[in-house]
Amino acid sequence: MKLEANHIYFKYGGSAEWLLEDISLDIRAGEVVGLIGTSGRGKSTLGKILAGQIGGYKGDVLLGGKPVPKGIYSPVQLIYQHPELAVNPRWKLGKTLAEAGEYDDGLRRELGVKTHFLDRYPNELSGGELQRICVMRALRPETRFLIADEISTMLDVITQSQIWHVVLDYAKQYGIGILAITHNEHLAGAICTRKVFMQ
Amino acid sequence: MNRRQKTLIYASFSAFLLIAVMAAGSFLTEEATRVDFARKNLLPSLGHIYGTDWFGRDMFIRTVKGLSLSIVIGALSTIGSGLIALMMGTAAAIGGRRVDACVNWLIDVVMGVPMLIFLILVSFIVGKGPQGIIVGMILTHWTYLARVVRAEVLQLKSSQYVIAARSMGKSNAYIALRHILPHAYPQFLVGLILMFPHTILHEASLTFLGFGLSPHQPGIGVILSESLNYLSAGQWWTALMPGLSLLVIVRLFDLLGDSIQSLYNPYKSHE
Amino acid sequence: MGQRIPLLEVKDFTLQFKQYGRGLKQIETRVISGFTLDVHAGEIVAVVGASGSGKSLLAHAILGILPSNAATGGSLKFKGEELSQSLKERLRGKEISLIPQSVSYLDPLMTTGKQIESPLRKAANAVKSVMNRFQLGDDAKNKYPFQLSGGMARRVLIGTALTSGAELVIADEPTPGLHKSMVDETLGSLKELAALGRGVLMITHDIDLAFVVADRIAVFNKGLTVEVADAKAFEASPDNVKHPYSKALWHALPQNGFHSVRGKDYGEEIDAGCDAGEEDDA
């Protein structure tokens, strides 16, 4: 299985220049592709297009040769840089986690998500604790590909290492392909099987 | 006592007062405002705290009745405009570009016409009296709140947690009900409460100008416009007391809305 | 370093917020507890901690711009003088200047030239040299913030702090969203400031950045300074730091092996380390 973007052209409304111009990229199952480059080059936008979160682009995005299905738990999941924005601030985290369906308790322990976190509101937890929960809801058996958009950029390096080790193991076990968007070349060196640079 | 407790006490006090005025007004019968020339044109005193008018009617009772009617009309108009605002705002936010342009155009048109002229026109078409005022008010007062709803829903729709919910295969109905509604309703509620004083004042001014309630109805605008005729005769109280009461009621709603808003304002809510 | 009076001296600093819990109950949340640090003239000290750990609030406390529901304890001294709110207000922008985290700190109604000029009324030349250094062309001088790109806006912020002539510059996450060359340029400017005898307090979540520019690194987590270490020594080897949490930090870096223990709560290590080692009155 392969997630591919073919000849993508994209610009935001009102902008004259292409943000993404004839970009092609593919990620195979089990692969960890590092998408590396400084900010403002459209890496995040490409990630959102791959995850089916932005429309209005030219070119196509295919999962196993077909369009990415919608209306079900998406096989292409995206994890964001700022977890505090990715959870409903009025919900206890248990509810946020339950939104994705039932969870695997072993995974919870591996990710260091303590059960009392689930009884808290987002503003009562740190960014690292929230990101563990966001990672947890994206790691599910239905997930085939994972777009990780600077997921550890705002975290301390220990949390970064802990989260990535769990993600990589899970991906290996289930044959998940990962696109890791990062500006940190050391990090890319430690996790990626292949690197793509956006100049 | 912390600020949140103060606000809450404050809010319940004004809510209580408003409900009391409304209830008192609807329980008062014709008997309470009967004509009695034996006590006409009395200055405010302990027996008649707002004095009496040229027919010997107690001005306090008339004022309460007038305000009560104003509050009822205000409530009906506010609920009506609120519903329109909710529909228009939501439609603009989720209906796509064309619907959005349409709704925005409509808002601009309604906002562009001077409100009183619009109200006078509508009350001509629908007919004078409460129904004319209410319809007119419903048609004119929804615009501001519709903008608030539109902005709120647009922002929530593009928030990461809503997008995340969508990528978990959640339906539009689920997202609207679980994510968007609970977030948007405090804003909406505050908007509604703040709309209330507008409708009351507009009803009073419309009636004052002779386009609203008929002279037989106990509206506050009716009282004020009648009183003006007697003002030159030195009867200051028949205009001043009801006018002040109207001001107090309007301010109460305003403050109630503001205090609820401050509870929900993320920058101030923890003070 | 006993003989010199530090530019900035933070001792046992605590900060808590009053917040509403469920309903009407007000609860106190302690964000910073037992923070101790000093910054001397001519050095760059980096406070490194995860985002959301409350380190930006330290900058806000020094500048006296905390929200009204915050309460502080401990002591903050500038050149040996206790920083009262009125002193903070007097020093802010003159002796102490901030390179803020967000570009929304720029005055939306001022052109770039004026922004850079504003802390220092006289210096037309200074403005020019700063603008040149930060690759802000002459046309940028007459632009308003909304006309600038994100990167340019950041450069204006840094330029503004540089012309201010402040003795203490606080840089709160000074480089996010900048190109590699601009990151280098910014860090170069900070180094230059230090070389001119100014003190720089850099607040960042990026330990690599701290390794590049800082003289000393304060490891910050769970509201306290776990350890203050020499930056070069820390970068070179984990043996040069004492606290197990600092060592763990070193080992977790991708270039140092990316090691961590799965599911372990390293916060407990901080609690334990502090009970054993440092004096903590909390």
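Values below: every heavy atom of this structure, side chains too, minus hydrogens, waters and symmetry copies. Convention: sequence-line order gives letters A, B, ...; per-chain numbering from 1. Every value quoted in this text rests on a predicted model; they were computed, and no experiment measured them.
- Within the 4.5 angstrom heavy-atom criterion, no atom of V48(C) approaches chain A.
- In terms of heavy atoms, V157(A) sits closest to A252(C) at O-CB, 3.5 Å.
- A distance of 8.5 Å separates CD in Q162(A) from CG in D265(C), rounded to the nearest 0.5 Å.
- The number of heavy atoms from other shown groups lying within 6.0 Å of NZ (K95(A)) is above 12.
- The CD atom of E173(C) sits 5.5 Å away from atom CE of M154(A), with the distance rounded to the nearest 0.5 Å.
- The CG atom of L155(A) sits 12.0 Å away from atom CG of D206(C), with the distance rounded to the nearest 0.5 Å.
- Counting heavy atoms from C-beta on, the side chains of S161(A) and H251(C) never come closer than 4.5 Å.
- By a heavy-atom distance cut of under 4.5 Å, W164(A), H165(A), V166(A), D169(A) are the residues of residues 163-173 of chain A near chain C, going up by number.
- The side-chain heavy atoms of F258(C) and H186(A), taken from C-beta on, include no pair separated by under 4.5 Å.
- For E17(A), the CD atom counts as loosely surrounded, since its 6.0 Å shell holds 12 or fewer non-hydrogen atoms of other residues, nucleotides or ligands.
- Between T159(A) and Y266(C) there is no side-chain heavy-atom pair separated by less than 4.5 Å.
- Looking at I207(C), the atoms closer than 4.5 Å to chain A (heavy atoms on both sides) all sit in the side chain, from C-beta outward.
- Residue-environment remark: NZ (K242(C)) stays at or below the threshold of 12 foreign heavy atoms within 6.0 Å.
- Ranked by non-hydrogen atom pairs under 4.5 Å with chain C, the options N184(A), T153(A), V113(A) are led by T153(A).
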